[in-house]
> 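Questions regarding the structure given below will be posed in turn.
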2 protein chains.
Amino acid sequence: MSPNRPVYLKLRDQIAAAIMLGKYPEGAMLPSVRALAAEQGANPLTVAKAYQQFQNDGLVEVQRGVGMYVVKGAAERLRAAERETFLQQEWPEIRERMKQLGLNPADLMQRG
Amino acid sequence: MSPNRPVYLKLRDQIAAAIMLGKYPEGAMLPSVRALAAEQGANPLTVAKAYQQFQNDGLVEVQRGVGMYVVKGAAERLRAAERETFLQQEWPEIRERMKQLGLNPADLMQRG
DNA sequence: CAAGGTGCTTCAGTGCCATAATACAGCCAC
DNA sequence: GTGGCTGTATTATGGCACTGAAGCACCTTG
């Protein structure tokens, strides 16, 4: 289904999770493009593509020649946006799918 | 996320749903590759690729030169397989995602 | 055999993704 | 200024998945 998710999207999710978890607090500098690329065994361009998403959303501030910094309130805004996406798009599909399979959310709550 | 889902997978899901809903009962002949392609505005090859999945799982029987027929018990096996996939793979990921977002299944049950 | 329907195979084209090698532009510590 | 670190732009290349078009192989019907 989505095992062949593009690398730049995986990185994007990974970074987003790290920001929301406070691994990169407000004002903190994100790993440089080259550093993260080396660490993840990816291409610097691919990492830049992942970072690009956050710039567009104004979640990170770019100081050219210095680095990229987490903007104030980024974690909260990220979490809010992700929630919105989940509730508006993913959850309805999940409900529909469960309905089609004859599954009930109540049953699943009991388990894991 | 999944708006750019490949056509052959969409068709596969669509056909699977039709089988489970009894639109194509056991022993019934599925629409021919060309017919379904024309109806859906897709390429015959793309439709064949969708049908291929069902052959591999032994859910349809191919009579070369004649057509493809729904195997006995296909609907039940399909439903069971889909449930298994959902519970084993999708649901854990969903739970993890909700946990990360601070959402609770109980809250969502109240709504839609 | 001939005709028309089936599924299936093959070759080509397209677009996205990822990588690579450079080079450029800005900032800071020395 | 120099060196070294930042992000960014350019160009080229290879791989992969998806789609498209034509033709082949098979079966039924007449």
Side-chain angles (χ1 to χ4, degrees), chain A residues 1-16 18-19 23-72 74 78, chain B residues 1-16 18-19 23-72 74 78:
Chain A
M1 205 71 84
S2 319
N4 350 22
R5 199 166 163 72
V7 175
Y8 80 97
L9 284 182
K10 285 188 207 166
L11 290 175
R12 186 237 157 237
D13 288 350
Q14 178 177 326
I15 298 162
I19 291 178
K23 182 175 177 183
Y24 304 128
E26 300 179 354
M29 175 179 165
L30 291 170
S32 78
V33 168
R34 292 173 178 81
L36 188 56
E39 174 189 330
Q40 295 289 331
N43 191 289
L45 236 64
T46 305
V47 175
K49 196 170 180 180
Y51 277 154
Q52 185 70 38
Q53 317 271 327
F54 296 106
Q55 305 183 39
N56 297 339
D57 296 345
L59 294 171
V60 303
E61 190 186 47
V62 176
Q63 290 191 20
R64 201 180 172 102
V66 183
M68 303 180 54
Y69 294 84
V70 179
V71 142
K72 181 181 174 186
L78 245 182
Chain B
M1 204 70 84
S2 323
N4 356 16
R5 199 167 163 71
V7 175
Y8 78 97
L9 283 182
K10 286 189 207 167
L11 290 174
R12 186 240 158 234
D13 288 349
Q14 180 177 325
I15 298 162
I19 291 179
K23 183 176 177 182
Y24 304 128
E26 300 179 353
M29 175 179 165
L30 291 170
S32 79
V33 169
R34 291 173 179 79
L36 187 56
E39 174 189 330
Q40 295 290 330
N43 191 287
L45 191 69
T46 305
V47 176
K49 198 170 180 180
Y51 277 153
Q52 185 71 38
Q53 317 270 327
F54 296 107
Q55 305 182 38
N56 297 339
D57 296 345
L59 294 171
V60 303
E61 189 187 49
V62 176
Q63 291 190 20
R64 198 181 174 102
V66 182
M68 304 179 55
Y69 294 85
V70 179
V71 141
K72 180 181 175 185
L78 243 183

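Every chain is numbered from 1, with letters handed out A, B, ... down the list of sequences.
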> Indicate yes or no: at least one non-hydrogen side-chain atom of Asp13(B) is less than 4.5 angstrom from one of Arg5(B).
yes

> Considering all heavy atoms of both residues, which atom of Ala16(B) and which atom of Phe54(B) are nearest to each other, and what is their separation?
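Scanning both residues completely, I find the closest heavy atoms to be N-CZ, 3.8 Å.
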
> Could you report the tightest heavy-atom contact between Val60(B) and Val71(B), atom names first, then the distance?
C-CG2, 4.1 Å

> With a non-hydrogen cut-off below 4.0 angstrom, is Tyr8(A) in contact with a base, only sugar-phosphate, or nothing?
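It contacts sugar-phosphate atoms only.
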
> Quick check on contacts: within residues 35-48 of chain A, what sits under 4.0 Å from DNA chain C by heavy-atom distance?
Asn43(A), Leu45(A), Thr46(A)

> Which heavy-atom pair separates Tyr51(B) from Pro31(B) by the least distance, and what is that distance?
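Shortest heavy-atom separation between Tyr51(B) and Pro31(B) comes out as OH-O, 2.8 Å.
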
> Select base, sugar-phosphate, or nothing to describe what Gln52(A) touches, counting heavy atoms under 4.0 Å on all strands.
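Since no nucleic acid heavy atom lies under 4.0 Å of Gln52(A), the category is nothing.
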
> Verify the contact: side-chain N or O of Gln55(A) to OP1 or OP2 of dG7(D), cut-off strictly under 4.0 Å; return yes or no.
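For dG7(D), neither OP1 nor OP2 has a side-chain N or O of Gln55(A) closer than 4.0 Å.
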
> Mind running a 4.0 Å heavy-atom check of residues 25-34 of chain B against DNA chain C and sending the residues that fall below it, in number order?
Ser32(B), Val33(B), Arg34(B)

> Any N/O pairs under 3.5 Å between the protein and nucleotides 25-27 of chain C? List them or say none.
{"unit_1": "dG26(C)", "atom_1": "N2", "unit_2": "Gly65(A)", "atom_2": "O", "d": "2.9"}

> Could you give the NZ-to-C1' distance, from Lys49(B) to dA21(D), as a whole number of Å?
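Rounded to whole Å, this separation is 16 Å.
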
> Is there a donor-acceptor pair closer than 3.5 Å between any side-chain N or O of Asn43(B) and the backbone N or O of Leu45(B)?
yes

> For Glu61(B) and dC27(D), what is the distance between atoms CD and P respectively, to the nearest whole Å?
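Taking CD of Glu61(B) and P of dC27(D), I get 13 Å after rounding.
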
> Over all heavy atoms of both residues, which pair between Val33(A) and Pro44(A) is shortest? Give the atoms and the distance, please.
CG1-O, 3.0 Å

> Determine, step by step, whether Gln55(A) and Val62(A) satisfy the side chain to side chain contact (heavy atoms under 4.5 Å, CB included) criterion, reporting the C-alpha distance in whole Å, the side-chain angles of both residues, the deciding distance to 0.1 Å, and the verdict.
CA-CA 8 Å; Gln55(A) 305 183 39; Val62(A) 176; 3.5 Å; yes

> Would you kindly give the CG-to-C1' distance between Leu11(B) and dC18(D), to the nearest whole Å?
12 Å

> Step by step, work out the side-chain hydrogen bond (donor to acceptor under 3.5 Å, both in side chains) result for Gln53(B) and Asp57(B).
CA-CA 7 Å; Gln53(B) 317 270 327; Asp57(B) 296 345; over 6 Å; no

> Could you report the tightest heavy-atom contact between Leu11(A) and Gln40(A), atom names first, then the distance?
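It is CD2-CG, 4.0 Å.
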
> For Arg5(B) and dC18(D), what is the distance between atoms CZ and P respectively, to the nearest whole Å?
10 Å

> For Met68(B) and dC8(C), what is the distance between atoms CE and C1' respectively, to the nearest whole Å?
11 Å

> Between Leu78(A) and Arg12(A), which heavy-atom pair has the shortest distance, and what is it?
CD2-NH2, 4.1 Å

> Assess the residue pair Leu36(A) and Ile15(A) against the criterion (side chain to side chain contact (heavy atoms under 4.5 Å, CB included)); give the C-alpha distance rounded to whole Å, side-chain angles, the decisive distance to 0.1 Å, and a yes or no.
CA-CA 10 Å; Leu36(A) 188 56; Ile15(A) 298 162; 4.0 Å; yes

